[in-house]
Amino acid sequence: MTIGIVSNHHDDDESKNNHADSSEDHTDVSRSFLSFVKSEHLAESMANFNEFKRLCLENNADKKELSCLSLSDFLESQTPASNYLVKRIWETIRHKKESSEYKGRKTLDTRVVIVGAGLAGLRTAIECSLMGCERVTVIEKREEFSRLNILHLWPFVIQDLRALGAKEFWSKFAIGGHDCAPIWQLQMILVKIALLLGVQVVLSTEYVSSAPSTENQFWIAKTEPPLQDPTFNVLIGAEGERSRVAEEFQFKQKVIEFSSAIGITANFEIVHCPEENKMQEGGFISYLHRDFFSKLNDENNILLENLVYYRSDTHYFVMTAAKKSLLANGVLKEDLHDNLAIVNIDNINTTALAAFVRTVSEAYGLPSQCKFVQLGGTREDVCLFDFSKKHAADDPSQIVEKEGKKIFVSLVGDAALNPFWPQGTGAGHACLSSLDAAWCIQKIREELGKQNPDDGVLKEALEEHHRAYKLMESAKCEQIKSKDCTSDPSSRYMTYSVIV
């Protein structure tokens, strides 16, 4: 009897200890989750997420090979609702997963490799997870998101990102109707959402090439260093203008030449003085704002075609300057004929360039006490880029077959179509092209898993993708619907039904 009493007391103590251990585990999970959410740098965010994921999987070894959505559901089940922010994030993600567009979709063995963790690549990854792809892997050659440049956000983009939970990860998102954001901040928002949706994000990894697997129906992505599981049947090129994927699979491209001007970008620090609030955001074209541009030319010998100004974490300016004006102001050392050579750092007087940009910025209203943002603490954030031409793929996607194994290859974002920044198309095209590609994947993913896919289904999906791409190519903000948008192109493009 005594033994029984002792035994019961021991069980009670053990139960209390287990409860304490459980509470401590929950505290650790909650703490690591909040650290992940609040991370401001990519490496820090990845480290915090990996710790959060490790804690969730610690006593659940059988959960390590889950599909994207199953992993997402499991991570949610392991996260204590410790405060409003935690609850709100998972509620937003769950609401998206359970919406009519995604609810009930089967998880198929579609394995997606996305090259590039820019806006387009990450948005594509999110959509592929939501639609039920078995595994989605994003590979990125960089270790950090460092692009301070600010993008204009169309109403469609704001609604799309808000529905994914952008506001929960960055409280300033679209605050007070503000329709712009730094590229790095948008990337941070999307990479966090992607990770919570079970997407694998691999940093410091460069895509090399692809080849059919010798062991199964998939292809193998060759990377440096190698991926843990490199198999795929969907490959997305999202690595920007000089896309390795586009080059490898010989996507035909057209080159549109439309200007002999040279682009300049610059970021200035915010000093929080009254004069800053008087600066009007937006884009300005020389023939529509003749007084400003003429005065700038008459008084400073600075000839511009366009000027765009946005404010977020920095004062961001982007402009196109006539080559003769840059030569006259000593910015360019030589008048070279090759467009890339002329903007090479060896041909630029950086001191003269900084003076040129400061003159323009202060003429626009920038307070003189605003300093250039320092990159790495060593150089000012001002640079030249070639604005003489724009590249566009003839088609955004193709079915590639080798050794009897078919894969879907697509380009999104700048890899498919260079943005025209005076119209603020960058973020709009990134999101549109991502959803268009995902819609095509949704149409064909059952066929890709078959030994003998129906070529008619594949062809029809590619043709539909092409139609959407041609609309995106010429789309302006006012031609895109901003409410109730889905991956279905007809829900986004106002004229889609007319051409189908």
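Just so it is clear, the values below take in all heavy atoms, side chains as well, and ignore hydrogens, waters and symmetry mates.
- Side-chain contact, Asn48 with Ser45: no donor N or O sits under 3.5 Å from an acceptor N or O.
- Listed for the Lys406 side chain is no donor-acceptor partner under 3.5 Å among the backbone atoms of Glu401.
- At a cut-off of 3.5 Å, with distance as the only test, a side-chain donor of Ser487 or Glu101 sits close to an acceptor on the other residue.
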Legend entry - ring pair (Phe, Tyr, Trp, His ring centres under 6.0 Å) evaluation trace for Phe317 with Tyr309: CA-CA 5 Å; Phe317 288 89; Tyr309 163 73; 4.9 Å; yes
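- At least one side-chain heavy atom of Ser210 sits under 4.5 Å from a side-chain heavy atom of Leu235.
- For the atom pair Ser397 OG and Leu458 CG, the distance stands at 10.5 Å (nearest 0.5 Å).
- Counting non-hydrogen atoms of neighbouring residues, nucleotides and ligands closer than 6.0 angstrom, the NZ atom of Lys405 exceeds 12 such neighbours.
- Of the possible polar contacts, one joining the Thr79 side chain to the Leu75 backbone as a donor-acceptor pair under 3.5 Å is found.
- Under a cut-off of 6.0 angstrom, the local environment of CD in Glu241 is crowded, with over 12 non-hydrogen atoms contributed by other residues, nucleotides or ligands.
- Under the 3.5 Å distance criterion, the side-chain polar atoms of Ser129 are left unmatched by any main-chain donor or acceptor of Val199.
- Rounding to the nearest 0.5 angstrom, the gap separating the CG atom in Asn344 from the CG atom in Leu336 is 9.0 Å.
- A donor-acceptor pair is defined here as one N or O able to donate and one able to accept, closer than 3.5 Å; no such pair exists between the side chain of Asn50 and the backbone of Phe52.
- To the nearest 0.5 Å, the span separating CG on Asp395 from CG on Leu411 amounts to 10.0 Å.
- Between the side chain of Gln479 and the backbone N or O of Lys476 there is at least one donor-acceptor pair closer than 3.5 Å.
- For the pair Gln187 (side chain) and Ala117 (backbone), a donor-acceptor distance under 3.5 Å is present.
- Using modelled atom types, one side-chain atom of Arg244 and one backbone atom of Val208 make a donor-acceptor pair closer than 3.5 Å.
- In this structure, a donor-acceptor pair under 3.5 Å is absent between the side chains of Ser35 and Ser32.
- A donor-acceptor pair shorter than 3.5 Å can be found between the side chains of Ser204 and Glu143.
- How far CG of Leu66 is from CZ of Phe74: 7.5 Å, rounded to the nearest 0.5 Å.
- Side-chain atoms of Asn347 never come within 3.5 Å of backbone atoms of Leu332 as a donor-acceptor pair (strictly under, hydrogens ignored).
- Just one residue in the list Asp436, Asp160, Asp484 forms a salt bridge (charged side-chain N to carboxylate O under 4.0 Å, His left out) with Arg492, and that residue is Asp436.
- The cationic atom of Arg162 (NZ for Lys, CZ for Arg) does not lie both less than 6.0 Å from the six-membered ring centre of Phe173 and within 45° of the ring axis.
- Counting heavy atoms from C-beta on, the side chains of Ile158 and Asp179 come closer than 4.5 Å.
- With values rounded to the nearest 0.5 angstrom, Ile441 atom CD1 is found 9.5 Å from Arg445 atom CZ.
- Relative orientation of the His465 and Phe408 rings is tilted, given thresholds of 30° and 60° on the angle between their planes.
- The shortest side-chain heavy-atom distance between Glu76 and Leu196 does not fall under the 4.5 Å cut-off.
- Around the CD atom of Glu144, the shell of radius 6.0 Å holds more than 12 heavy atoms that belong to other residues, nucleotides or ligands.
- Note on ring orientation: taking the six-membered ring where Trp is involved, the planes of His152 and Tyr310 are parallel (angle under 30°, cut-offs 30° and 60°).
- In summary, the side chains of Ser72 and Lys97 do present a donor paired with an acceptor at a separation below 3.5 Å, with no hydrogens or angles considered.
- Counting non-hydrogen atoms of neighbouring residues, nucleotides and ligands closer than 6.0 angstrom, the CZ atom of Arg54 exceeds 12 such neighbours.
- Side-chain contact annotation: Tyr469 with Glu464, donor-acceptor N/O pair under 3.5 Å absent.
- More than 12 heavy atoms of other shown residues, nucleotides or ligands fall within 6.0 angstrom of atom NZ in Lys470.
- Donor-acceptor pairing under 3.5 Å is recorded for the side chains of Ser491 and Thr486.
- The shortest distance between side-chain heavy atoms of Trp439 and Pro489 falls below 4.5 Å.
- Between Glu224 and Tyr207, the side chains place no donor N or O within less than 3.5 Å of an acceptor N or O (distance only, hydrogens not considered).
- Heavy-atom neighbours of Glu478 CD from other residues, nucleotides or ligands within 6.0 Å: above the threshold of 12.
- Between Asp394 and Gln253 there is no side-chain heavy-atom pair separated by less than 4.5 Å.
- When atom types are taken as modelled, the side chain of Ser213 and the backbone of Ile220 share no donor-acceptor pair closer than 3.5 angstrom.
- When atom types are taken as modelled, the side chain of Asp488 and the backbone of Ser490 share a donor-acceptor pair closer than 3.5 angstrom.
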